[in-house]
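Positions are given from 1, in the same order as the sequence printed here. We use all heavy atoms of the structure for the numbers below, so side chains are in, but hydrogens, waters and symmetry mates are not.
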Amino acid sequence: MRIAVTGSIATDHLMTFPGRFTDQLMPDQLDSVSLSFLVDELEIRRGGVAANICFGMGSLGLTSYLVGSVGDDFADYRSWLERHGVDCASVHISELHHTARFLCTTDQDQNQIASFYTGAMSEARVIELQPVADRVGGLDLVLVSPNDPEAMLRHSDECRTRGIPFAADPSQQLARMDGADVRRLLDGAAYLFTNEYEKALCEEKTGWSDAEILARVGVRITTLGAKGTVIDRKGEEGLHVPGVAVDKVVDPTGGGDAFRAGFLTATAWGLPLERAAQVGNLVAAHALEVPGGQEYTIAKDRFLTRLTTAYGEAATADVTPHLT
């Protein structure tokens, strides 16, 4: 099963300020703020939703096709992804902009001040999917994940026009899209990924009820954090898949991306929806236990042991033949 993953590719610059932002703010001077914070730590991590998802799929042994836009500073990042089984041949290289960057400073109270530089991501709207399909011998599924909003709409439109099944994953871009855009993005999707809040926001923005959305998508997957995942289909009772125990959440960044990686990989293996969600929940647990969205490692024996503990021997028997 050939899966193209479209979406953001970015570098995260994460800094730590040992004090409190609020101690530096003067209430009577908020109309002319000019502050500089001396930080103690700087961590540079590979990120971006599409890249995180492809990394997870590659870690499970499945080659995925990354589709996004980056700058000419992408060489080291490309090498990392390719070493982890990601096909980067369809990544667009901008001649004008740097790869997108997320710059965030966190204080001792976990308050954050952040900026996101879109950069080359704005050129993702020029990417066509047909050349990708031609290069790899056809696409069985395209994931439309958070990206330049115009690119997201173009990709879902092209999938409908060319008859390519697609999965809609609007995530944080729901805040940027109006109702018409959200309806255009998800209508006809084979899969719709959201968390609980995004599910409610989809209904509010589209004006469609829960039942009306289910009538327009094949499968709706709603992640519930530690509580697991719910899978809904039109005319069927919802399926709840419990989460996997995590000893300590080190960093929630990339947890949802890791779930999608596991779910889509298990789907490519031909496993049923419940198994796909179980694999997704377990990969998400791996991501939560380390800092950053691409710092975890899938060790086969440990992965299968945790799968057995969480979901039983039948689940492990189904997954084992596919896990390399």
* Structure fact -> In terms of heavy-atom contacts, Arg46 and Asn52 come closest through O-OD1, 3.9 Å

* Closest approach of Ser156 and Arg184, non-hydrogen atoms and distance? -> OG-O, 3.8 Å

* Structure fact -> Nearest heavy-atom approach of Arg135 to Ser90 is NH2-OG, 3.0 Å

* **Test side chain to side chain contact (heavy atoms under 4.5 Å, CB included) applied to Leu186 and Trp208, step by step** => CA-CA 12 Å; Leu186 63 84; Trp208 292 337; 3.5 Å; yes

* Residue among Asp109, Asp107, Asn111 satisfying side chain to side chain donor-acceptor pair (under 3.5 Å) with Arg20 -> Asp109

* Ion pair Asp87/Arg2, N-O distance below 4.0 Å -> no

* To do: Check ring pair (Phe, Tyr, Trp, His ring centres under 6.0 Å) between His322 and all other residues, then give those that pass, not counting sequence neighbours.
  => Trp269

* Please name the residue in the list Asp210, Asp232, Thr222 that meets the side chain to side chain donor-acceptor pair (under 3.5 Å) test with Lys199. => Asp210

* When rounded to the nearest 0.5 angstrom, what distance separates CG in Asp73 from OG1 in Thr99? -> 3.5 Å

Which atom pairs, one a donor and one an acceptor, fall under 3.5 Å between side chains of residues 63-70 and the rest of the protein, sequence neighbours left out?
unit_1, atom_1, unit_2, atom_2, d
Ser69, OG, Ala120, O, 2.7

* pair Asp148-Thr118: side-chain heavy atoms closer than 4.5 Å -> no

* Start with the C-alpha gap between Leu96 and Glu123, add the side-chain angles, then the distance that decides, and say whether side chain to side chain contact (heavy atoms under 4.5 Å, CB included) holds. => CA-CA 10 Å; Leu96 301 174; Glu123 296 183 23; 4.2 Å; yes

* Nearest atoms (heavy-atom pairs only) where Leu129 meets His155 -> CD1-O, 3.8 Å

* Heavy atoms only: give me the nearest Gly207-Glu212 pair and the separation to one decimal. => O-OE1, 3.9 Å

* With the 4.5 Å side-chain cut-off for hydrophobic clustering, are Met1 and Leu323 part of the same group? -> yes

* Structure fact -> Thr229 and Ile221 have their tightest heavy-atom pair at CG2-CG2, 3.5 Å

* Asked: Would one find more than 12 heavy atoms of other residues, nucleotides or ligands at under 6.0 Å from atom NE2 of His98?
  -> no

* Under the side chain to side chain contact (heavy atoms under 4.5 Å, CB included) rule, what do Glu128 and Arg154 come out as? Steps first, then yes or no, please. => CA-CA 8 Å; Glu128 293 185 23; Arg154 177 173 186 176; 3.0 Å; yes

* To do: Would you please name every residue forming a ring pair (Phe, Tyr, Trp, His ring centres under 6.0 Å) with His286, sequence neighbours left out?
  => Phe303

* State which residues pass ring pair (Phe, Tyr, Trp, His ring centres under 6.0 Å) with Phe17; sequence neighbours excluded, sorted by chain then number. => Phe21, Phe37

* To do: Would you please name every residue forming a ring pair (Phe, Tyr, Trp, His ring centres under 6.0 Å) with Phe193, sequence neighbours left out?
  => Phe263

* Just grab all the ring-ring contact (aromatic ring centres under 6.0 Å, His included) pairs involving residues 104-139, residues at least two apart or on different chains. => none

* Asp247 atom CG, neighbour heavy-atom count above 12 within 6.0 Å -> no

* Asked: Step by step, would you call Asn195 with Thr223 a side chain to side chain contact (heavy atoms under 4.5 Å, CB included)?
  -> CA-CA 5 Å; Asn195 60 28; Thr223 55; 3.5 Å; yes

